[in-house]
Amino acid sequence: QKEVEQNSGPLSVPEGAIASLNCTYSDRVSQSFFWYRQYSGKSPELIMSIYSNGDKEDGRFTAQLNKASQYVSLLIRDSQPSDSATYLCAVNAPGANSKLTFGKGITLSVRP
Amino acid sequence: NAGVTQTPKFQVLKTGQSMTLQCAQDMNHNSMYWYRQDPGMGLRLIYYSASEGTTDKGEVPNGYNVSRLNKREFSLRLESAAPSQTSVYFCASSGLLAGSYNEQFFGPGTRLTVL
């Protein structure tokens with residue numbers, strides 16, 4: 001059973017702080033990793049993809065992957081109230097007809 | 001370029017009624033998916049279609065059927081709706097038939113209530 005675990009929330013940070021969202025996965029052969037943002041009442045929106053160990057930066061967002069520890073994280077720098085949303089971690093294993101396994105998500109609240 | 005579209009946006013059914021949720025994508029993607037999202041349960045895969053002409057069960061297929069009508073369209077049918085099927089339904093698509101990468105893009109969702 002492939003599992004994706006996200007640290008329990010909700011997470012609350014002040015405006016301007018760094019928000020750190022964490023995710024662990026059980027399937028060691030997983031190869032691609034995604035972070036989705038979901039605003040209340042809306043659909044998930046892909047914000048970051050990462051495929052190799054290390055950091056990947058895109059604006060205020062940094063995804064970090066450590067395959068040895070089976071750990072992927074999302075850092076949000078200079079957090080804004082507009083970052084308040086639920087963040088979903090998703091993991092894909094290789095192979096034909098592979099599917100994404102999603103974590104249950106963590107809700108982030110950025111206090112003005 | 002509308003991405004992934006879903007109809008209807010909202011629906012209320014009575015127990016035992018049937019309905020079909022429609023999904024279409026204009027990104028020339030091979031793979032399409034149907035998920036349901038319930039509070040505390042996260043996104044759960046109902047059915048998926050890796051390519052035109054193929055469909056496979058996901059994690060929670062009971063009570064549902066699907067049709068991959070063509071490369072663009074993937075519909076989800078509830079033959080006899082039950083209150084347990086009250087949920088938000090999302091359709092998604094991705095560009096790769098197989099392999100390591102599977103960036104999925106989601107439609108706006110259908111909020112279904114079964115009374």
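Everything numeric here is computed off the predicted structure, so don't read it as measured data. Lettering follows sequence order; numbering is per chain, from 1.
- The six-membered or imidazole ring of A/F102 lies near that of B/Y35, with a centre-to-centre distance under 6.0 Å.
- Annotation: B/Y33 is not in aromatic contact with B/F106 [ring centroid separation under 6.0 Å not met].
- At a cut-off of 3.5 Å, with distance as the only test, no side-chain donor of A/T24 or A/E5 sits close to an acceptor on the other residue.
- Side-chain atoms of B/D38 and B/S87 form a donor-acceptor pair, as typed in the model, at a separation below 3.5 Å.
- The contact between A/Y36 and chain B is made entirely by side chain atoms (from C-beta outward), counting heavy-atom distances below 4.5 Å.
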Using residues 81-90 of chain A as the side-chain source, report each donor-acceptor pair under 3.5 Å to any protein atom, sequence neighbours left out, with the distance given to one decimal.
residue	atom	partner	partner atom	Å
A/D83	OD1	A/R60	NH2	2.9
A/D83	OD2	A/R60	NH1	2.8
A/D83	OD2	A/R60	NH2	3.3
A/D83	OD2	A/Q80	N	2.8
A/S84	OG	A/P81	O	3.0
A/S84	OG	A/V110	N	2.9
A/T86	OG1	A/T107	OG1	3.0
A/Y87	OH	A/D83	O	2.6

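- Residues of residues 107-115 of chain B that come within less than 4.5 angstrom of chain A, heavy atom to heavy atom, are B/G107, B/P108, B/R111 in numerical order.
- Only the side chain of A/Q38 comes within contact range of chain B, judged by heavy atoms closer than 4.5 Å.
- Counting only N and O atoms by type, the side chains of A/N22 and A/Y71 include a donor and acceptor under 3.5 Å apart.
- Ring planes of B/W34 and B/F74: tilted class, angle from 30 to 60°.
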